[in-house]
Number of protein chains: 2
Amino acid sequence: QGTRDHAPAQAALRERLLSSVVSCFKRHGAAAIDTPVLELREMLVGKYGEGAKLIYELQDQGGELLALRYDLTVPFARYLAMNKITKMKRYHVAKVYRRDNPATTRGRYREFYQCDFDIAGQFDPMIPDAECLKIVHEILSDLQLGDFVIKVNDRRILNGVFAVCGVPDSQFIPACCTVDKLDKMPWEEVRSEMVGEKGLSPEAADRIGEYVQLHGGLDLIEQLLQDPKLSQNKEAKEGLGDMKLLFEYLTLFGITGKISFDLSLARGLDYYTGVIFEAVLLQQENEHVEEPLSVGSVAGGGRYDGLVGMFDAKGRKVPCVGVSIGIERIFSILEQRLEASGEKFRTTETQVLVATPQKNLLAARMKLISELWDAGIKAEMLYKKDPKLLKQLQYCEDTGIPLAAIVGEQELADGVVKLRDVATRKEVRM
Amino acid sequence: QGTRDHAPAQAALRERLLSSVVSCFKRHGAAAIDTPVLELREMLVGKYGEGAKLIYELQDQGGELLALRYDLTVPFARYLAMNKITKMKRYHVAKVYRRDNPATTRGRYREFYQCDFDIAGQFDPMIPDAECLKIVHEILSDLQLGDFVIKVNDRRILNGVFAVCGVPDSQFIPACCTVDKLDKMPWEEVRSEMVGEKGLSPEAADRIGEYVQLHGGLDLIEQLLQDPKLSQNKEAKEGLGDMKLLFEYLTLFGITGKISFDLSLARGLDYYTGVIFEAVLLQQENEHVEEPLSVGSVAGGGRYDGLVGMFDAKGRKVPCVGVSIGIERIFSILEQRLEASGEKFRTTETQVLVATPQKNLLAARMKLISELWDAGIKAEMLYKKDPKLLKQLQYCEDTGIPLAAIVGEQELADGVVKLRDVATRKEVRM
């Protein structure tokens, strides 16, 4: 349940999608790493907040207690700490596992790929952070998924908001989780969850509401920097200052048109410490729809400066910022689009079928195809001693092979091969 | 235990290796499929003989009882049966899991890659089988691993040998397993295991010994076809007839020089029903060594005509033949070779570093790098506001970036970029 086989058409589409994402990561100078699907259970404990209950555990069959990895970020942090690496730009494309309720039509599975790009190291503020956003922008543009927006916020700004609205420190994370639902439910419901379930005072909730419904650009940052309460809060001030710097860099990258500073963005994971972001696709333009609607998150990430330190015996920190591309949702969009288009999609790359028009010519076919393979040419033949020519040409049409190399008795006698263009039926002897 | 992280150098080497193998599979017209790492436990039961005790099981956390896949062949057979596919040429490159005793220096891990190519379908005899051997030959030649030999045998020939030597049917599989050890121990030890542990009569063991120590080519096939006892055995006769046909096809492919018909080859898995084969690397030529020694199996496979039927409710069979490339052993050979050579191996593909020679030019760097990325050029810059030029050039040398694109105050004023070849220090303004 919640897993799927990939038939050749899906495997080929996925290969195309992943190679587009990986080529962007390589364009930004990242190196690949790989880590095992299995991690020690103790490594995953206390990293995922409420997500922990979704971790797949292996049976105790003697030896170590193991679990399947839940994401690629925690294994990356473990890898950095274990190898005492303090600086690295890496990507990792691999499967992760969550015992979640699958919603397969929307691309939510229990086994799914993650495509992560992360920059670890102590650098000047917001330069790596800006690059992560540039990467999201490049990938979503390359894949032509339609219009999108990248929402940006900062955990420090949120913390500042909660503080100035009178939320006690211990309630920051629960309040964060509730705010994060603002993209799926109206403010009134979020407010009543804050007051009812999380026990915030109605006044605090109302004050929070005034902030978290704001979104905009540089203007909003300037406005909040002047905000009489927020400007007095150290964390908020730092966060807003960095947000301003980030927007400066994004302007140089020419991508602010797709960026929205959105105070409702909170993101679920515990480990974020600074900038957070999430890209959502917007519904295709339609005259009946007044405002573009989000159809779901396709990339997300942020800064997590404390995670590596959790794996280091001496707690040495390595600041990190990274992005994860939500490849499964993108894959299901592309898959549905492909189905709707009725476009025929080749699942093999064969360039030429080696064929014979008469009987008793298997040896000639085998000799020729062997020469082709040795020359690096992608070639097939039917696995029959005496196939009919029509069947051989039909196979080319069915599987999209563009050429047939035909050896008959005449061609053998003349020492030539007849090369036929399957679509045009043109033939040349060579 | 028995798993490993791949650092960038290893990940890059593995990518190079896998892409060489996959390009061979594509050259032969195979399509990719993918299946989950998780399988239902019941699917794996009774497929692996003694291997079953090495299967990783997942904890029962509610829902289905799951296990990690043990190989890619059983999931392929399940896939064919589930989708009622009777004809397919596919490859699959993915990780599999075995709770084995790791021997990591020899490339034996608990998590390891398999690279499988299989042909399913009812075809004329030995044509797909010959192609599998051609693939092994191409891959091992491409990878330049040194001299190798591909041992070939047929389960039907072995069964015939056991039958004419007086071994009861029920003892065929245990006898097979013992014969398979002939590449690791001398005949005397194999004989005593047969008589002692497996309970064969000393006479039967001696008769088996006369056959299973034979190896050769077409001559040996002809000789056995004339053998007064074997020629009376139906299975052996069929196997030998097909073996002769296989050698005919391998002659057309021009690869018999590396093929040895070897009656000691038995292979461990239960599911083989016809041709079996295994490729071993030979020790480098050395005047002190009289006969080349095998340094271990790097590919193996065979025909398994009954496996798909085990997954079909009505037991419908789909004949299959396939090959699995022992990528981990090859990887550890290449890794050791790379280490010994001291060759520096780039782990990134960055073409150009965007650099500045003076302070306060971060904006210029960001603008230029953004243009390069958008043009598809692989570019990096240091994540510092004001890095020293020397540091920037040093980074190029450390990571193998061939070019530096330098924008200084003068270049900005002139509207040019200075492109520097890092190795030769030659510069051009453009």
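Values reported hereafter were calculated over all heavy atoms of this structure, with side chains retained and with hydrogens, waters and symmetry mates removed. Chain naming here is simple, since letters A, B, ... match the order of the sequence lines and numbering starts at 1 in each. Just so it is clear, the structure is predicted and the values come from calculations on it, not from any experiment.
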Contacts satisfying side-chain hydrogen bond (donor to acceptor under 3.5 Å, both in side chains) that involve residues 247-256 of chain B (not counting sequence neighbours) are none
Under 4.5 Å to a heavy atom of chain B? For A:Leu353 that would be neither
Turns out that what part of B:Tyr91 lies under 4.5 Å from chain A's heavy atoms comes down to side chain
Cut-off 4.5 Å, heavy atoms of chain A, and the answer for B:Leu250 is neither
Worksheet item: When you look at A:Leu252 and B:Leu362, which way does the side chain to side chain contact (heavy atoms under 4.5 Å, CB included) test go after all the steps?
Response: CA-CA 10 Å; A:Leu252 292 166; B:Leu362 176 61; 5.8 Å; no
Heavy-atom nearest pair, B:Ile33 first then A:Ala11, reads CA-CB, 4.1 Å
Most heavy-atom pairs under 4.5 Å with chain A, out of B:Tyr383, B:Phe123, B:Tyr56, belong to B:Tyr383
The interface call for B:Leu372 against chain A, heavy-atom contacts under 4.5 Å, is neither
The interface call for A:Glu64 against chain B, heavy-atom contacts under 4.5 Å, is side chain
CZ of A:Arg27 to NZ of B:Lys378, rounded to nearest 0.5 Å, is 9.5 Å
So, the part of A:Gln1 with a heavy atom under 4.5 Å from chain B: the answer is both
With heavy-atom distances below 4.5 Å as the criterion, would you say the side chains of A:Leu58 and B:Leu68 are in contact? yes
Looking only at A:Arg110, A:Lys385, A:Gln351, the option with the highest number of non-hydrogen pairs under 4.5 Å against chain B is A:Lys385
When the 4.5 angstrom heavy-atom criterion is applied to B:Ile369 and chain A, the contacting part is side chain
Applying a strict 4.5 Å limit to non-hydrogen atoms, the region of B:Met88 in contact with chain A is side chain
So, the part of A:Leu66 with a heavy atom under 4.5 Å from chain B: the answer is side chain
Most contact-rich option vs chain B, by heavy-atom pairs under 4.5 angstrom, among A:Arg90, A:Arg99, A:Glu349, is A:Arg99
NE2 of A:His6 to OH of B:Tyr79, rounded to nearest 0.5 Å, is 10.5 Å
dist A:Lys89:NZ -> B:Thr399:OG1 (nearest 0.5 Å) comes out at 9.0 Å
Test side chain to side chain donor-acceptor pair (under 3.5 Å), reference A:Asp34, set B:Arg14, B:Arg4, B:Lys95, B:Gln10, output is B:Lys95
Should A:Arg69 and B:Glu111 count as an ion pair when the cut-off is N to O under 4.0 Å? no
Scored by heavy-atom pairs under 4.5 Å with chain A, the best of B:Val37, B:Ile377, B:Asp374 is B:Val37
The interface call for B:Leu40 against chain A, heavy-atom contacts under 4.5 Å, is neither
Requested in this report: Check whether any side-chain N or O of A:Glu57 sits under 3.5 Å from a backbone N or O of B:Gln61 as a donor-acceptor pair, and report yes or no.
Outcome: no
Among A:Lys367, A:Lys384, A:Met381, A:Met82, the residue with the most heavy-atom pairs under 4.5 Å to chain B is A:Lys384
Pair count under 4.5 Å, heavy atoms only, with chain B: among A:Thr348, A:Thr350, A:Thr3, A:Asp5, highest is A:Asp5
Interface check, chain B: of A:Cys24, A:Ser23, A:Gly121, A:Gly376, most non-hydrogen pairs under 4.5 Å belong to A:Gly376
Under 4.5 Å to a heavy atom of chain B? For A:Ala30 that would be backbone
Turns out that what part of A:Glu15 lies under 4.5 Å from chain B's heavy atoms comes down to side chain
Expected contact set for residues 129-139 of chain B against chain A at heavy-atom separation under 4.5 Å reads B:Glu131, B:Lys134, B:Glu138
So, the part of A:Leu65 with a heavy atom under 4.5 Å from chain B: the answer is neither
Would you call the rings of A:Trp373 and B:His28 parallel, tilted or perpendicular, where under 30° means parallel and over 60° means perpendicular?
-> tilted
Quiz item: How about B:Arg346: does its CZ atom have over 12 heavy atoms from other parts shown lying under 6.0 Å from it?
Solution: yes
Between B:Ala31 and A:Pro8 the two heavy atoms that sit nearest each other are CB-CB, 3.7 Å
